[in-house]
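Read through the structure below, which is laid out as structure tokens, and then see the notes.
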There are 2 protein chains.
Amino acid sequence: MGRHREFDVEKALDAALCVFWRKGYEGASYADLTKATGVERPALYSAFGNKEALFRKVLVRYYERYVDYLPAALQLPTAREVAAHALQGAIDLTTRYPEHTGCLAIQGVLAGSDEAEPVRQALIEARAEGEAQLRERFERAKAEGDLPETARPDALAAFLLAVLHGMAVQAKAGFSRDVLAAVAEQALSTWPAKA
Amino acid sequence: MGRHREFDVEKALDAALCVFWRKGYEGASYADLTKATGVERPALYSAFGNKEALFRKVLVRYYERYVDYLPAALQLPTAREVAAHALQGAIDLTTRYPEHTGCLAIQGVLAGSDEAEPVRQALIEARAEGEAQLRERFERAKAEGDLPETARPDALAAFLLAVLHGMAVQAKAGFSRDVLAAVAEQALSTWPAKA
DNA sequence: GAGGTTTAATAACGATCATTATGAAAAGGA
DNA sequence: TCCTTTTCATAATGATCGTTATTAAACCTC
């Protein structure tokens, strides 16, 4: 019983995701959010909770729908292909939409006042999880003989993530897809070869 | 004639630099700035102009006093040494001060509301200038036979900058100096060798 | 159709934002 | 000592921030 919700929750989340992607967690105001979603403030609160809760919902959605290239990459047969696919996926993601370049998850790690601290921690944890998955995948590759005995899975994971993050920063700074592709190619050229 | 200024302009700039480094451009409020500098708001305005002008002064100071490893790196004899010194300098800079990790210049490139746009543009330009210097240095290295004919100076500069930016993000996320050193080592591992 | 329940929209809340008007205090030149 | 000039501190500006009362409208069940 009761009145039906008049707006589409999924579409509102999509619109909020775009706002956060473009302006970051703190840079996005409720004025922006209501304008983008077409939903008044109290409705957003009753549907999603406060700003932090809304951002966390958006973040889950972001990983599910936009960073899906990472779990896909992890299932490729060789470590090199994993890295190559992750790099290509990051290039596509960070340059596909001209109105919100870069990576939503990274815009919030940096900067921010004190009240953004819990959000920053959440982003750091999400990032750490991705790094752990890469490290485990590279350890498996080493065990399978796909990487040489001298390879350091932890260093490779950290390095790959550093390049991914760096490309996200560069995409936000307006770098073209071609330049990012050259960066990815250079990063892969350092990849340890099979024994 | 007239009353003398009671606070030290240089020390106030140093304190403001720390605040911006820790919180970013938008995350830093005048409450933070007056607390850190010990200078009341109107004195900050009369001495430095508004927030944007203050940040620009701080940014110049940052490059002069903290990113001095980059011009130093450019004068080393080989391209590989340039890259190695830049990477090591970035590691030191982004992890030296526990209270403000990462890179001041990068905290502001990402995220931010509309009114931070001019500051973001200034940071992007500063970053582009650093990239141009690296590219020219690598072109020289190629001409001097220090880099092979197949090397692409623009790609190398973009790649090096991507790693530097990625490490800055990781430092802000709490990465240790050791992990960053492993990232730098991996980045250098197959630097194009002299023909 | 009436009662109870959920959502919608308007408008306000206190807090904080960057910025500045105001007037007192301090200094040098006459 | 008076006058001019510059800096100082207090406090207020209008705007915007995230968050809610409050009231009106829409719906299901009985």
Side-chain angles (χ1 to χ4, degrees), chain A residues 1-13 15-17 19-20 22-59 107-108 111-122, chain B residues 1-13 15-17 19-20 22-59 107-108 111-122:
Chain A
M1 43 182 137
R3 184 173 175 175
H4 298 322
R5 184 166 277 140
E6 291 184 359
F7 66 92
D8 188 329
V9 173
E10 300 295 312
K11 288 188 178 181
L13 275 177
L17 190 148
V19 173
F20 281 125
R22 193 151 33 89
K23 302 201 168 189
Y25 173 66
E26 287 196 306
S29 70
Y30 267 91
D32 299 323
L33 291 170
T34 58
K35 187 173 186 178
T37 60
V39 176
E40 295 298 328
R41 272 169 261 227
L44 290 177
Y45 274 89
S46 81
F48 307 112
N50 67 2
K51 193 181 179 184
E52 182 179 336
L54 171 58
F55 183 79
R56 289 178 185 273
K57 287 183 172 61
V58 162
L59 191 61
Q107 328 274 44
S113 66
D114 295 333
E115 66 179 13
E117 189 59 31
V119 169
R120 185 156 47 241
Q121 285 303 320
Chain B
M1 46 184 135
R3 183 174 176 174
H4 299 321
R5 184 166 277 140
E6 290 184 359
F7 67 92
D8 187 330
V9 173
E10 300 295 312
K11 288 187 177 178
L13 275 177
L17 190 150
V19 173
F20 282 125
R22 192 151 33 89
K23 302 201 167 187
Y25 173 66
E26 288 197 306
S29 70
Y30 267 91
D32 298 323
L33 291 169
T34 58
K35 187 174 186 178
T37 60
V39 177
E40 295 299 329
R41 272 169 260 227
L44 289 177
Y45 275 90
S46 82
F48 307 113
N50 66 4
K51 193 181 178 184
E52 182 180 334
L54 172 58
F55 183 80
R56 289 179 185 273
K57 285 183 174 60
V58 161
L59 189 62
Q107 328 273 43
S113 65
D114 295 332
E115 66 180 13
E117 189 58 32
V119 169
R120 184 157 48 241
Q121 285 303 321

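Keep in mind that what you see is a predicted model, and the values were worked out from it rather than measured. Labels below follow one simple rule: chain letters A, B, ... track the order of the sequence lines, proteins then strands, and each chain is numbered from 1.
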Between [atom2] on [N] and [atom1] on [X], what's the gap in Å once rounded to a whole number?
X: A:R41; N: C:dT10; atom1: CZ; atom2: P; value: 11 Å
X: A:E40; N: D:dT19; atom1: CD; atom2: C1'; value: 14 Å
X: B:L44; N: D:dC8; atom1: CG; atom2: C1'; value: 12 Å
X: B:K51; N: D:dT16; atom1: NZ; atom2: C1'; value: 13 Å
X: A:Y45; N: D:dT22; atom1: OH; atom2: C1'; value: 17 Å
X: B:L33; N: C:dC17; atom1: CG; atom2: P; value: 10 Å
X: B:K35; N: C:dT16; atom1: NZ; atom2: C1'; value: 15 Å
X: A:K23; N: D:dC17; atom1: NZ; atom2: P; value: 9 Å

Would you please name every residue forming a side-chain contact (heavy atoms from CB on, under 4.5 Å) with A:P42, sequence neighbours left out? A:E40
Out of curiosity, A:R41 CZ to A:K51 NZ, how far, rounded to the nearest 0.5 Å? 11.5 Å
When rounded to the nearest 0.5 angstrom, what distance separates CG in A:L44 from CZ in A:F7? 6.0 Å
Name the nucleic acid region contacted by B:A28, choosing base, sugar-phosphate or nothing; use a 4.0 angstrom heavy-atom cut-off, strictly under. sugar-phosphate
B:D32/B:R22 ion pair, N-O < 4.0 Å: no
Under a 4.0 Å N-O cut-off, is there an ion pair linking A:E6 with A:R3? yes
Judged by each residue's nearest nucleotide on DNA chain C, which is more toward the 5′ side, B:Y30 or B:R3? B:Y30
Upstream residue (5' side of DNA chain C) when B:E6 and B:D32 are each assigned their closest nucleotide: B:D32
Presence of B:S29 side-chain N/O under 4.0 Å of C:dC17 phosphate oxygens OP1/OP2: yes
Please determine if a side-chain N or O atom of A:N50 lies less than 4.0 Å away from the OP1 or OP2 oxygen of D:dT19. yes
Tell me which nucleotide among D:dC17, C:dT19, C:dA8 gets nearest to the side chain of A:F7. C:dA8
Mark yes when over 12 heavy atoms from residues, nucleotides or ligands other than B:Q121 sit less than 6.0 Å from its CD; otherwise mark no. yes
Can you tabulate the close N/O pairs, meaning under 3.5 Å, that link protein atoms to atoms of nucleotides 28-30 of chain D?
{"unit_1": "D:dC28", "atom_1": "OP1", "unit_2": "A:H4", "atom_2": "NE2", "d": "3.0"}

For residues A:Y45 and A:Y30, establish whether the separation of their ring centroids is below 6.0 Å. yes
